[in-house]
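Fair warning: this is a prediction, and the values are worked out from it, not measured in the lab. Protein chains get the first letters and strands the later ones, always in sequence-line order, with residue 1 at the start of each. Quick note: numbers below take in every heavy atom, side chains included, and nothing from hydrogens, waters or symmetry partners.
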Amino acid sequence: MARVKVPKPVTIDFETHKIMPRPLYPPMPVGVSIKYPGKKAKYYAFGHLEGNNCTWSEAEKALRDAYDHSDGILFQNGKFDLDVAETHFGIKIPEWNKIHDTMFLIYLHNPHAKELGLKPAAEELLGMPPEEQEEVGEWLLSEQPIPGVRINRGKQGDNYFGAYYSWAPGDIVGRYADGDTIRTEKLFTLLYKEILDRGMGEAYDRERKLALILLEMERQGLAVNLKQLRHDVDMYTDWMGKIESWVIKTLKAPADLNLNSGQQLVEAMIEAGKVDESLMPRTATGKIATNKDALLAGVTDKKLLGVLNYRERLKTCLNTFMKPWLETAELSGGLIYTIWNQTRTPDSVGTRTGRLSSTPNFQNIPKEFAPIFDHEKPGTKLPKSPFKDIPPLPKVRCYVVPFEGDVLIDRDFSQQEIRILAHFDGGSMMHDYQADPWLDFHDVARGKLAEQGLFYERKPVKNTNFGLIYGMGVGKLAEKNGTTVDEAKDLKAAILKLYPGLKEMYSDMRLRMQQDLPIRTWGGREYYCEPAKMVNGRLMTFDYKMVNVLVQGSAADCTKESIIRYHAAKHKDAKIILNVHDQITVSVPPKLMKSEMEVLRKAMESVEFDVQILSEGSISDTNWGDLKDYDKKGKII
DNA sequence: AGTTGCGGCCAC
DNA sequence: AAACGTGGCCGCAACT
């Protein structure tokens with residue numbers, strides 16, 4: 001094995017005023033700890049109320065020198081510090097290869113770790129407890145330096161002491177900040193070597209490159225149709241009120257009945273004789289369930305059922321998406337500033353598999369709703385709406401629009417996870433795709449089963465295929481397919497027989513678990529099996545999850561790689577605005593629409609698997625909810 | 001008063 | 001033999 005040369009970058013960590021959302025982000029710095037390799041950390045305090053030791057420009061000079069260091073610069077979550085330095089000091093963000101980040105190393109070291117923060121990692125790997133933080137906290141809690149603010153120990157409240165380090169004296173905060181740069185440097189020295197020794201250097205570099213692209217996206221934001229959003233929030237909020245009054249009247253319930261409380265609602269419905277309690281399923285903790293299926297089973301008044309169904313969905317649209325979007329868009333004249341998590345992060349957000357996640361959440365926006373009332377789909381047995389003019393549920397994606405004068409281009413990977421499964425299958429599944437890159441795997445599997453006299457609909461075959469990726473058991477599969485467990489077992493076995501490579505994968509995972517050997521994703525990241533644990537008095541092992549980790553993790557690598565390649569090749573006026581797992585959305589001037597679509601296609605399809613990765617495009621000159629097919633199965637429409 | 005877990009919604 | 005994966009976030013209810 002080649003000896004790994006560990007670089008010796010300068011470590012930098014800002015302390016700032018309270019962190020607020022953009023456009024007020026990034027916050028003003030009050031000090032910065034800078035640690036050169038082999039030297040003591042130095043805290044430049046310039047913005048504290050007391051205990052400062054330098055001027056703003058002296059700190060700036062020290063920062064510029066650090067940025068010029070030949071081995072580059074090192075951060076814990078550099079996306080924050082780089083933004084602070086560029087925004088407030090005008091210090092340009094260097095090329096990706098000059099920037100190191102322990103956050104990615106900690107994640108790559110063990111994506112399953114309970115905590116992924118600098119301090120827990122330092123405590124576990126270096127044996128360094130976080131004592132300096134205690135010191136700052138003690139000072140703030142006992143001094144309470146801010147008039148009208150009661151600083152507390154909480155972690156989520158507004159007045160958490162962590163938000164007020166700028167109010168503590170520079171020398172005390174300095175010990176804390178220096179403690180962090182010392183930890184960061186030590187962890188880097190330890191983990192960089194380990195990560196490269198384990199063959200994860202490319203994966204580390206991929207995260208370093210992506211971080212700068214995500215920062216660019218965060219700063220640019222994405223546009224919403226503010227006027228429409230304002231109007232619709234008002235309108236639907238009114239409807240929520242009307243609906244609640246109707247429900248309370250129908251149930252003859254007291255005016256203060258809280259419909260958001262499942263238990264209150266169930267009680268009121270029983271009281272009013274609108275529900276057959278014996279038909280309603282229970283939750284894991286034994287309470288009467290109030291989800292869609294439970295209500296469907298137990299509510300005897302179908303009109304009431306429809307209204308409750310509508311209300312629950314509208315509540316999700318309004319509270320999770322529309323109202324928060326409106327609130328932030330009002331601050332910025334129509335922009336939403338998203339925070340992108342590229343790995344599982346110290347705040348316990350982000351994915352362990354490496355897929356992106358974001359706040360606000362753009363990963364689970366409703367697409368389309370099934371009709372609820374009969375006026376939406378005449379001729380069905382749906383209940384009548386008690387309101388004659390109730391609007392359809394909002395199409396939430398429609399509020400996302402291209403930038404002024406732009407259009408949207410959008411591409412989805414075609415069956416990304418299935419293709420990647422075929423890549424790892426390495427046998428007949430892979431060969432099928434190589435023979436016909438646009439094949440529909442579910443149909444092909446179904447056809448092969450039919451040749452053996454086993455006739456299935458597409459749906460159960462598709463469910464079983466996804467079940468294989470997700471590690472689904474035959475019990476859940478049977479439920480999903482509406483069959484007996486034995487039938488589900490037979491179908492699963494039949495598909496595994498068609499593709500012996502898949503069967504081998506599963507036995508290989510079992511061996512890996514037993515021998516404590518990792519899997520490696522396409523992007524070179526290692527995952528060990530999660531440790532076994534006792535569940536219901538039985539030792540449960542998690543080898544069944546490893547195929548999912550392999551496939552989903554590799555899909556994440558694939559998407560990240562394609563974003564990086566597209567970003568490197570794109571026109572400067574094209575702006576990446578969203579990534580939803582297997583989908584990339586870009587805002588471009590109309591005259592670039594065709595050319596950027598092709599650049600994006602090439603970037604996405606250039607990622608090297610043994611099965612050709614393919615994609616399909618759509619466009620819109622209005623909004624994200626109104627995308628029209630541009631190319632399908634390789635042919636422009 | 002703040003935290004945590006549950007149950008609910010949704011996506012890929 | 002059996003185990004459906006990855007998430008965000010809202011609101012309630014029970015806990016400290």
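Counting non-hydrogen atoms under 4.0 angstrom, A/K480 reaches a base of the nucleic acid.
Taking only side-chain nitrogens and oxygens, A/N260 comes nearer than 4.0 Å to OP1 or OP2 of C/dC12.
Ring-plane geometry between A/F441 and A/Y433 is classed as parallel, the angle between the planes falling under 30 degrees on a 0 to 90 degree scale with a further cut at 60. Using a 30° and 60° split on the angle between ring planes, A/Y399 and A/W325 fall in the perpendicular class, above 60°.
Contact of A/N364 with B/dC10 (side chain to base): a donor-acceptor pair of N or O atoms is detected under 3.5 Å. Not a single donor-acceptor contact under 3.5 angstrom links the side-chain atoms of A/R352 to the base of C/dT6. No hydrogens or angles were tested; on distance alone, a donor-acceptor pair under 3.5 Å links the side chain of A/R355 to the base of B/dC12.
A/I469 has its CD1 atom 17 Å from the P atom of C/dC4, to the nearest Å. One can place CD of A/E417 at 16 Å from P of B/dA11, the figure rounded to the nearest angstrom. Atom CD in A/E267 sits about 13 Å away from atom C1' in C/dA13, given to the nearest Å. The CD-P distance, from A/Q415 to B/dC12, rounds to 14 Å in whole Å. Protein atom NE2 of A/H581 is 10 Å distant from nucleotide atom C1' of C/dG8, rounded to whole Å.
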Discussion item. Show, in sequence, the C-alpha distance, side-chain angles and deciding distance for A/L468 and A/V547, and conclude whether the side chain to side chain contact (heavy atoms under 4.5 Å, CB included) test is met.
Written reply: CA-CA 8 Å; A/L468 288 171; A/V547 170; over 6 Å; no
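Salt bridge A/R458/A/D440: present, at least one basic N to carboxylate O contact under 4.0 Å.
Ring-base stacking between A/Y470 and C/dG5 is satisfied, the centre separation being under 5.5 Å and the plane angle under 30°.
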